[in-house]
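Here the structure is laid out as structure tokens; the discussion comes afterwards.
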Amino acid sequence: MTAVALFGAGRIGKIHAANLAAQPGARLKYVVDTHQPSAQELAAQYGASVSDIDSALADPEVGAVVIASSTDTHADLILRAAARGKAIFCEKPVDLTLERARQCAAAVKEAGVACLIGFQRRYDPTFAAVKARIEAGEIGQPEVLVVTSRDPGAPPVDYIKRSGGIFKDMLIHDFDICRWILADEAVSVQATASVLTDPAIGEAGDADTTAVTIRTRSGRLCQINTSRRAAYGYDQRFEVLGSLGMLQAGNHRPTEVTAYGGQHVSTDLPEHFFLERYRAAYALEMAHFFDVVQHGATPRTTVEDGVKALELADAATRSWQENRLISL
């Protein structure tokens with residue numbers, strides 16, 4: 001039985017707690033959160049105890065930690081958990097600075113512990129099916145990847161001010177998709193961005209609409225378009241053009257019913273937000289984490305993947321701010 005300490009009892013912490021509780025041989029022992037009522041409520045739901053960071057990490061029975069707390073706590077918790085020899089699952093990003101993220105990667109390597117980063121899109125059954133079919137050679141050599149990623153609405157401006165910016169907060173998932181699907185590393189990044197949905201986002205020093213072009217070592221191209229606003233729901237699509245054809249991964253809808261009438265043909269809108277769209281992915285990534293912890297499976301999303309995605313996010317931020325192509 002693997003005892004687990006969960007850091008963060010907010011929205012994503014609750015998702016991970018539920019998926020953790022469903023894993024054979026795993027037990028949520030501690031919940032740690034600065035907001036005590038949230039920690040107490042979640043701990044009571046799963047028969048865990050409320051604890052503090054030091055006590056949870058000092059417990060030798062705890063073999064793994066799940067970090068779902070605010071971004072500014074990630075690096076410190078990774079470093080402290082690695083020093084204690086705990087297996088680590090951490091939500092993205094590793095940190096908002098490359099230097100600190102690289103320190104985490106070095107510490108994890110030195111400690112010899114598993115550290116998975118929460119790029120849940122790799123575990124999505126639709127996206128994973130596209131990846132498998134590319135690897136099977138169905139479309140030949142991938143040449144162009146086009147990613148569309150649009151939220152139904154922006155988070156509060158207070159969150160945006162401490163998020164690290166849209167490239168590090170939102171597009172970091174898309175940068176990971178680029179590396180994963182094309183199985184290649186970037187050599188250049190060109191990014192532009194605008195404020196089109198809410199002037200307050202611009203006043204906070206961020207953007208809400210972006211376009212990014214990435215060129216890889218082998219010359220493959222990736223184009224990413226994102227927006228903080230999509231009136232019709234959570235829009236998550238990509239397509240891969242290859243030498244022998246194309247594969248597309250579309251949106252998920254609550255049902256696949258199509259209605260035909262005298263004036264129009266209609267379907268359901270896409271699922272409204274990431275918690276619905278990626279419910280299966282979150283469950284599968286947590287199952288994989290415990291496969292790594294308990295059976296030694298090879299991690300699919302490592303701390304090095306977190307660093308590489310952050311490198312692209314950092315380059316895109318500089319490209320936008322400096323209005324130039326960034327070479328890597």
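Residue numbers count from 1 along this sequence.
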For residues 10-22, please give each side-chain donor-acceptor pair under 3.5 Å, one per line with the distance, not counting sequence neighbours.
unit_1 : atom_1 : unit_2 : atom_2 : d
His16  : NE2    : Glu91  : OE2    : 2.7
Asn19  : ND2    : Ile15  : O      : 3.3

- Query: Are Ile67 and Val293 connected in the hydrophobic side-chain network, where two residues link if heavy atoms are under 4.5 Å apart?
  - Reply: no
- Message: With no hydrogens and no angle check, just 3.5 Å: does a side-chain donor-acceptor pair link His252 and Thr126?
- Response: yes
- Who passes salt bridge (Lys or Arg N to Asp or Glu O under 4.0 Å) against Asp59, sequence neighbours left out? Lys29
All N/O donor-acceptor pairs, side-chain side in residues 186-201, below 3.5 Å, sequence neighbours left out:
unit_1 : atom_1 : unit_2 : atom_2 : d
Gln190 : OE1    : Leu325 : N      : 3.4
Thr197 : OG1    : Asp208 : OD2    : 2.7
Asp198 : OD1    : Ala200 : N      : 3.0

Kindly list each side-chain donor-acceptor pair under 3.5 angstrom involving residues 258-270, sequence neighbours excluded, with atom names and distances?
unit_1 : atom_1 : unit_2 : atom_2 : d
Thr267 : OG1    : Arg253 : NE     : 3.4
Asp268 : OD2    : Thr255 : N      : 3.0
Asp268 : OD2    : Thr255 : OG1    : 2.6

- Message: Tell me which pairs pass side chain to side chain donor-acceptor pair (under 3.5 Å) where either residue lies in residues 279-292, with sequence neighbours left out.
- Response: Glu271-Arg279
- Message: The criterion is ring-ring contact (aromatic ring centres under 6.0 Å, His included); which residues satisfy it with Phe238, sequence neighbours excluded?
- Response: Phe127
Exercise answer: donor-acceptor pairs, residues 152-164 side-chain atoms, under 3.5 Å, sequence neighbours excluded:
unit_1 : atom_1 : unit_2 : atom_2 : d
Tyr159 : OH     : Asp169 : OD1    : 2.5
Ser163 : OG     : Ile160 : O      : 2.9
Ser163 : OG     : Gly165 : N      : 3.2

- May I ask you to list the residues sharing a hydrophobic cluster with Leu96, side-chain cutoff 4.5 Å, ordered by chain and number? none
- Message: List the residues meeting salt bridge (Lys or Arg N to Asp or Glu O under 4.0 Å) with Glu135, not counting sequence neighbours, and say none if there are none.
- Response: Lys131
- Item | Test side chain to side chain donor-acceptor pair (under 3.5 Å) applied to Ser38 - qualifying residues, sequence neighbours left out | His35
- Message: Can you list everything that forms a ring-ring contact (aromatic ring centres under 6.0 Å, His included) with Phe289? Sequence neighbours excluded, please.
- Response: Phe89
- Query: Can you name the residues that form a salt bridge (Lys or Arg N to Asp or Glu O under 4.0 Å) with Arg102, not counting sequence neighbours?
  - Reply: Glu311
